[in-house]
Amino acid sequence: MNPLAQLDHAHVWHPFTQMRDWLKREPIVITSGKGAVLRDTRGREYLDANSSIWTNLHGHNHPKINAAMARQLKKIAHSSALGLANEPASLLAAKLVEVANHRSRRREKVDSTSAAASRRRLQKVFFSDDGSTAMEVALKLAYEFTRRTRGPKTKPRFLSLAGAYHGDTVGAVSLGHIDLFHKAYGGLLFPTEKVMAPYCYRCPFNRASPERVDARDYRKCNWECVGQAEQKFSAQKKRGNPFAGFVFEPLLQGAAGMIPQPPGWLRRVTDIARGHGALLIADEVMTGFGRTGVPPVSNQSAARAEQEVRARRDACPTLFASHREGVQPDFLCLAKGLTGGYLPMAATLTTGKVFDAFLGRYEEFKTFFHGHSYTGNQLGAAAALASLEILQGDESGRSRILVERTLAAELKSLWSQPKVGDIRQVGLVVGVELVRDWRTRAPFPLQEQAGIRVCEAMARRGVLTRPIGNVIVLMPPYCATPKQLRRMVAVLAEAMAKIFARRAGR
Ligand SMILES: *Cc1c(COP(=O)(O)O)cnc(C)c1O
């Protein structure tokens, strides 16, 4: 066994991993990466089909991010944000505020005149280290803001979505609703409410029989999921303590299984939440920074790629999923892609209104007593600034549209596979749900590890990704070429054929 693999086996405890299984085989030891390709100690190359667990945006070893970090490194790597400001963190905060309020031109005209919308502008940035801490910060700010505005006797309550995952720290786990991860820690958690989230493929209200297209496209329902949200909010209001905050991932829930919301759901439910006075807490840790794609334009004449890129970018030059349905949250939580996948850094953006509630004379102790050692880290901020510059360039817009289109075209071939139940794509995110029988949607029991086994077979063929239960995730870096994307989908098909043929023959 490779000596590094031996050291790993001796000492490293891996996240979300049954270590007994891990210790049975030699791990892949990554030594370098370039673009969408990772290389291991044996010189084998792999496609990074999940962008190193959803963090990497522009590919590995990107010359612009490398150069920005090298420049910063010559100045300083880190100094504390406790009592000190620094150059890249100041620049990054300003840049994040600029992009977090970006709206479609048409909408801007209407909204900029309304006082409510201007109070809702995201103006302040609290830096931390990862997605979980970005959520903790939002949660604590929303909690304390509510007590200060509704009175100190208030017990602020939060509503989040069934199947939600918002991170692994105790506050973030309290907002989560994945029993497999969270149940064991019930005794540590504070109570939150959950509401049904759209999951058209497995929705009890969807009366449509399975078809070989995305379940959102053929669903037959009466928006019962929206009705249930409405009920939750009014029931809580009747208890005399309306929800303080509504926590959601916009457009699709990631770790829940890449579960997309039908168009219109986000707008409707956030309107209801606002109507009941709840703060909107958008977890864009996974969906942020262009991951959900560049919005399509209805104009058919924009068929030529160049024109389409321009038209799509002009129509709504946003990088965030919330904006796709015109939703401006009170808290925007960012992490994974913030530094382009280079360093752990996160940001919680919020409004001037929330910020003002923490202002006062020193002895009033209204200070937000929260912070992390590496808050505002210079190297991370330099990487993030470079990543944002790349994201806003024409080339990135063009490649994102190309990745989205290529995936959509290639994925069609997978519908012929009998163990594929649902294929759902939102921008540059794909979930392929494996089922025992697509005609009945009968799932594989988790013990069979269908998802894990398919991903292992993919790794042997040079494509790396991780499943979520029985859902195979494809989430390539934005620089992935059509050839690399075709390979990812082809290898997934080969892996399924191999794994399921063998089982059937048993
Ligand atoms: C990954 C993730 C988190 C947690 O982020 P970490 O950096 O792993 O702490 C929170 N919310 C969502 C939606 C995520 O995908």
Side-chain angles (χ1 to χ4, degrees), residues 13-17 50-57 126-140 142 158 160-178 180-182 185 189 192 194 197-199 245-261 266 280-292 319-322 324 327 329 331-349 370 372 374-375 377 380 383-384 387 426-431 465-469 471 473-475:
W13 191 337
H14 286 263
F16 285 93
T17 301
N50 76 346
S51 297
S52 295
I53 204 78
W54 323 348
T55 58
N56 192 287
L57 301 186
F126 195 98
F127 287 116
S128 62
D129 316 327
D130 52 48
S132 307
T133 54
M135 294 306 297
E136 296 288 335
V137 168
L139 190 65
K140 284 170 85 174
F158 293 88
S160 49
L161 298 175
Y165 173 81
H166 297 293
D168 295 324
T169 52
V170 168
V173 169
S174 296
L175 294 171
H177 302 290
I178 300 183
L180 181 65
F181 304 164
H182 299 154
Y185 304 102
L189 309 179
T192 61
K194 72 175 169 192
Y199 185 177
F246 175 51
V247 185
F248 55 93
E249 280 186 90
L251 296 192
L252 83 159
Q253 289 186 280
M258 297 306 162
I259 302 174
Q261 299 147 7
L266 179 66
L280 299 184
I281 303 176
D283 178 352
E284 294 228 25
V285 170
M286 189 271 291
T287 56
F289 301 109
R291 196 38 94 174
T292 58
L319 297 174
F320 299 105
S322 303
R324 293 281 293 274
V327 173
F331 293 91
L332 180 64
C333 301
L334 304 173
K336 291 197 168 91
L338 174 59
T339 60
Y342 268 61
L343 283 170
M345 186 180 210
T348 305
L349 279 72
H370 183 112
H372 302 279
Y374 283 96
T375 292
N377 175 259
S387 171
V426 177
L428 293 83
V429 184
V430 176
T465 185
R466 270 181 80 88
I468 303 168
V471 178
V473 176
L474 293 180
M475 201 192 282

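These numbers come from the heavy atoms of this one structure, side chains and all, not from hydrogens, waters or symmetry mates. Counting convention: from 1, in listed order, for ligands and their atoms alike. Treat the numbers as computed from the prediction; the structure is a model and nothing was measured.
- In terms of modelled atom types and a separation under 3.5 Å, the side chain of T348 and the main chain of A134 share a donor-acceptor contact.
- Counting only distance, with no hydrogens or angles, the side chain of E284 and the backbone of L332 share no donor-acceptor pair below 3.5 Å.
- In this structure, T17 contributes its side chain and P15 its backbone to a donor-acceptor pair below 3.5 Å.
- At least one donor-acceptor pair closer than 3.5 Å links the side chain of Q261 to the backbone N or O of L251.
- For T465 (side chain) and L474 (main-chain N/O), no donor-acceptor pair under 3.5 Å exists by modelled atom type.
- Listed by chain and residue number, the protein contacts of ligand 1 are W54, D130, G131, S132, Y165, H166, G167, E249, D283, V285, M286, K336 (heavy atom within 4.0 angstrom).
- Listed for the E249 side chain is no donor-acceptor partner under 3.5 Å among the backbone atoms of M286.
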